[in-house]
Asks: 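Following this message is one structure expressed as structure tokens.
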Amino acid sequence: MRIFLAGGTGVIGVRALPALVAAGHQVTAVARTEKKADLVRRLGGTPVAVDLFDRDAVVAAVADAVDSQGAVVNLATNIPPVTKSAKATAWATNDRIRTQGSTHLVDAALAARAATYVQESICFPYVDGGDEWITESHPVQHEGPFSGAAAAEANAARFAEASASGGTGVVLRFTQFYAPDASHTQFYNASLRKRLNPFIGPPNAYQSWIHADDAASAVVAALAVPSGTYNICDDEPLTRQQAGRAAALSLGVKPPHALPRLVQAATPSSAKLMMKSLRVSNQRFAEATGWAPQYPSIRGNWPGDGAIPDQTAGTT
């Protein structure tokens, strides 16, 4: 299959790109600097320099990259570092990517008569579920930094509805991803080494996870599912308290202390949106594809800091 990949040089993208190539696909990936273009080549793809906010350029690039049997996969994001995420302005580019960027990519996929459109999304807009398992039918509330996800998901649905050839529109709602080369993971590790639990929120509230390697394998599997929305997460959501202890154990440090309640209460609204209890289920995607996470839990699998092994060095 010929695939146009946006976001191929991000934390998930650098894993998804070689996984797609290994599965036999021909991948053209967006790379807007020569350094990123070299990375795409080392990972087995063909780089293309295109601005996702330039509709005509996107339409032309996708037309060159895919055919009527091909796919457009949108993993593009611009998530601010944890230290800046409290500012609403820090999310502006990410919101624009999810709204305008996804609109242009779907327009291009329709113009190229592509067979499939896959859109990365998030599970954080789900309404607090307490101890209940959260499936794709659970209510969502898109607000604050998560508002752009609604537009991105709507564009994937638009592709399925507007495709003259009965194309497939797929939304992958990822939970919190982690990886040794992810800045968020490195921030969490720095906090854990200070014996502070970075997974803020009620200690018995659930948080769901997905290793970036497993997110990448889910992208490959998503090319063969029917249109719809799918949760992408591991098998064992943990409470905030359990997650802090499990990550600390993997790092070889003492169990962390929860942030004082007064400190948590003083956090900005964007941070409070991350404190919900989300015990997310991957059952629908697993049943549709046979996919299973290589890392079924963060227990024993939480990484230290470092670069992604081998792939950025061009050895795989």
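This structure is a prediction, so every number in the text was calculated from the model and none was measured.
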Asks: Would you say R279's side chain and W133's backbone share a donor-acceptor pair under 3.5 angstrom?
Replies: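 Checked: no pair found.
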
Asks: Evaluate the side-chain contact (heavy atoms from CB on, under 4.5 Å) criterion for residues K276 and Y126: first the C-alpha distance (whole Å), next the side-chain angles of each, then the deciding distance (0.1 Å), finally the verdict.
Replies: CA-CA 9 Å; K276 294 180 288 187; Y126 281 126; 5.5 Å; no

Asks: Does the pair R299 and D234 meet the rule for a salt bridge (charged side-chain N to carboxylate O under 4.0 Å, His left out), with working shown?
Replies: CA-CA 11 Å; R299 295 183 194 270; D234 67 22; over 6 Å; no

Asks: Check whether any side-chain heavy atom of P203 lies under 4.5 Å from a side-chain heavy atom of T239, and answer yes or no.
Replies: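 Of all side-chain heavy-atom pairs linking T239 with P203, none is under 4.5 Å.
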
Asks: Could you walk me through whether Q186 and D305 satisfy the side chain to side chain donor-acceptor pair (under 3.5 Å) test, starting with their C-alpha distance in whole Å, then the side-chain angles of each, then the deciding distance to 0.1 Å, before giving a yes or no?
Replies: CA-CA 6 Å; Q186 293 164 5; D305 307 333; 5.3 Å; no

Asks: Side chains of M275 and I200: does their closest heavy-atom pair fall under 4.5 Å?
Replies: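 M275 reaches I200 side chain to side chain.
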
Asks: According to a 4.5 Å side-chain heavy-atom criterion applied to Ile, Leu, Val, Met, Phe, Trp and Tyr, with indirect links allowed, do V14 and V118 form part of one hydrophobic cluster?
Replies: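 Yes: a chain of side-chain contacts under 4.5 Å links V14 to V118.
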
Asks: Give the table of side-chain donor-acceptor pairs shorter than 3.5 Å for residues 30-39, with sequence neighbours excluded, one pair per line with atom names and distance.
Replies:
unit_1	atom_1	unit_2	atom_2	d
T33	OG1	K36	N	3.2
E34	OE2	R41	NH1	3.2
D38	OD1	R41	NH1	2.8

Asks: Measuring from atom CD1 of I12 to atom CG of L172, what distance do you get when rounded to the nearest 0.5 angstrom?
Replies: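 Atom-to-atom, I12:CD1 and L172:CG are 9.5 Å apart.
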
Asks: Can you confirm whether more than 12 heavy atoms, excluding those of E143, are under 6.0 Å from its CD atom?
Replies: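 More than 12 within 6.0 Å, yes.
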
Asks: Please list, chain by chain and in numerical order, all residues satisfying salt bridge (Lys or Arg N to Asp or Glu O under 4.0 Å) with R55, sequence neighbours excluded.
Replies: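 Testing R55 for salt bridge (Lys or Arg N to Asp or Glu O under 4.0 Å), a comparison that skips the adjacent residues, returns D107.
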
Asks: Which pair of heavy atoms, one from T289 and one from A221, lies closest together, and at what distance?
Replies: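 Heavy atoms of T289 and A221 come nearest at CG2-O, 3.9 Å.
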
Asks: Indicate whether any N or O donor in one side chain lies under 3.5 Å from an N or O acceptor in the other, for N74 and Q119.
Replies: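 On atom types as modelled, these side chains qualify, holding a pair under 3.5 Å.
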
Asks: Once you round to the nearest 0.5 Å, how far does CH2 of W209 lie from CG of D235?
Replies: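 Atom-to-atom, W209:CH2 and D235:CG are 15.5 Å apart.
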
Asks: With rounding to the nearest 0.5 Å, note down the distance linking SG in C233 to CD in Q283.
Replies: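 Rounded to the nearest 0.5 Å, the SG-CD separation comes to 10.5 Å.
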
Asks: For the residue pair R98 and T77, establish whether any side-chain heavy-atom pair is separated by less than 4.5 Å.
Replies: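 A side-chain contact exists here, since the closest heavy-atom pair is under 4.5 Å.
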
Asks: So W291 and V225, do their side chains get closer than 4.5 Å, heavy atoms only?
Replies: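 Not touching, per the 4.5 Å side-chain cut-off.
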
Asks: Test: side chain to side chain donor-acceptor pair (under 3.5 Å). Region: residues 146-155. Which pairs qualify, not counting sequence neighbours?
Replies: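 Passing the test, one end in residues 146-155: S102-N155, T103-N155, S121-E153, E153-R173, N155-R158.
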
Asks: Do you know which two heavy atoms are closest between G148 and T99, and how far apart they sit?
Replies: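 Heavy atoms only, the tightest pair is CA-CG2, 4.3 Å.
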
Asks: Indicate the atoms forming the closest heavy-atom contact of F159 with A114, along with that distance.
Replies: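 Result for this residue pair: CZ-O, 3.3 Å.
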
Asks: Measure the spacing between CD1 of I210 and CD1 of I232 and express it to the nearest 0.5 Å.
Replies: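 Going from CD1 on I210 over to CD1 on I232, the span is 7.0 Å.
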
Asks: Go through the steps to decide whether H138 and N231 satisfy the test side-chain contact (heavy atoms from CB on, under 4.5 Å), and finish with yes or no.
Replies: CA-CA 11 Å; H138 192 80; N231 292 336; over 6 Å; no

Asks: Taking the ring centre of each residue, are F177 and H211 less than 6.0 Å apart?
Replies: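 No, ring centres 6.0 Å or more apart.
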
Asks: Using the rule that two of Ile, Leu, Val, Met, Phe, Trp, Tyr join whenever any of their side-chain heavy atoms come within less than 4.5 Å, decide whether Y188 and Y295 are in one cluster.
Replies: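 Per the 4.5 Å side-chain linkage, Y188 and Y295 are co-clustered.
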
Asks: Counting distance only, does the side-chain N/O of H257 pair as donor-acceptor with the main-chain N or O of R195 below 3.5 Å?
Replies: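 Checking the backbone N and O of R195 against the side chain of H257, no donor-acceptor pair under 3.5 Å is found.
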
Asks: Whether R284 engages the ring of Y230 as a cation-pi pair (distance to the six-membered ring centre under 6.0 angstrom, angle to the ring normal within 45°) should be assessed.
Replies: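 Output yes; distance and angle both within limits.
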
Asks: After noting the C-alpha distance and the side-chain angles of V170 and F285, does the key distance pass the side-chain contact (heavy atoms from CB on, under 4.5 Å) rule?
Replies: CA-CA 11 Å; V170 176; F285 189 71; 5.9 Å; no

Asks: Quick check: is L20 connected to V11 through a chain of hydrophobic side chains (ILVMFWY, heavy atoms under 4.5 Å apart)?
Replies: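 Per the 4.5 Å side-chain linkage, V11 and L20 are co-clustered.
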
Asks: Can you tell me how far CG of N204 sits from CZ of R240, rounded to the nearest 0.5 angstrom?
Replies: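 The CG atom of N204 is 10.5 Å from CZ of R240, to the nearest 0.5 Å.
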
Asks: Between A29 and L17, which heavy-atom pair has the shortest distance, and what is it?
Replies: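 Where A29 meets L17 most closely, the heavy atoms are CB-CD1, 3.8 Å.
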
Asks: Indicate, with yes or no, if Y178 and F187 share a hydrophobic cluster defined by side-chain heavy-atom contacts under 4.5 Å among Ile, Leu, Val, Met, Phe, Trp and Tyr.
Replies: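 Yes; tracing contacts between hydrophobic side chains, which count when under 4.5 Å, links both residues.
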
Asks: Heavy-atom distance under 4.5 Å between the side chains of N189 and W302, does that happen here?
Replies: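 Yes, close enough: below the 4.5 Å cut-off.
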
Asks: Indicate, with yes or no, if V171 and I122 share a hydrophobic cluster defined by side-chain heavy-atom contacts under 4.5 Å among Ile, Leu, Val, Met, Phe, Trp and Tyr.
Replies: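 Per the 4.5 Å side-chain linkage, I122 and V171 are not co-clustered.
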
Asks: For A246 and L238, work out which heavy atoms get closest and say how close.
Replies: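 Nearest heavy atoms, A246 then L238: CB-CD1, 4.3 Å.
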
Asks: Evaluate the side-chain contact (heavy atoms from CB on, under 4.5 Å) criterion for residues D181 and R15: first the C-alpha distance (whole Å), next the side-chain angles of each, then the deciding distance (0.1 Å), finally the verdict.
Replies: CA-CA 11 Å; D181 50 316; R15 293 162 165 88; 2.8 Å; yes

Asks: Indicate yes or no for a side-chain donor-acceptor contact from S277 to the backbone of G130 under 3.5 Å, with no hydrogens or angles considered.
Replies: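 Looks like yes, one N/O pair under 3.5 Å.
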
Asks: Could you tell me whether a side-chain N or O of S217 sits under 3.5 Å from a main-chain N or O of D214, the two making a donor and an acceptor?
Replies: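 Confirmed, S217 side chain pairs with D214 backbone.
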
Asks: Would a 4.5 Å heavy-atom cut-off, applied to side chains only, mark V72 and V62 as touching?
Replies: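 They are in contact (side-chain heavy atoms under 4.5 Å apart), so the answer is yes.
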
Asks: For a quick test of reading the model, state the closest non-hydrogen atom pair linking G44 to V21 and the distance between them.
Replies: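 Nearest heavy atoms, G44 then V21: O-CG2, 3.6 Å.
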
Asks: Side-chain contact, heavy-atom cut-off 4.5 Å: T185 with P303?
Replies: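 They are in side-chain contact.
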
Asks: Is there a side-chain contact between Q141 and F146 in this structure, where contact means two heavy atoms from C-beta onward sitting under 4.5 Å apart?
Replies: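 No, their side chains stay 4.5 Å or more apart.
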
Asks: Roughly how far apart are S227 OG and Y117 OH, rounded to 0.5 Å?
Replies: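 The OH atom of Y117 is 13.0 Å from OG of S227, to the nearest 0.5 Å.
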
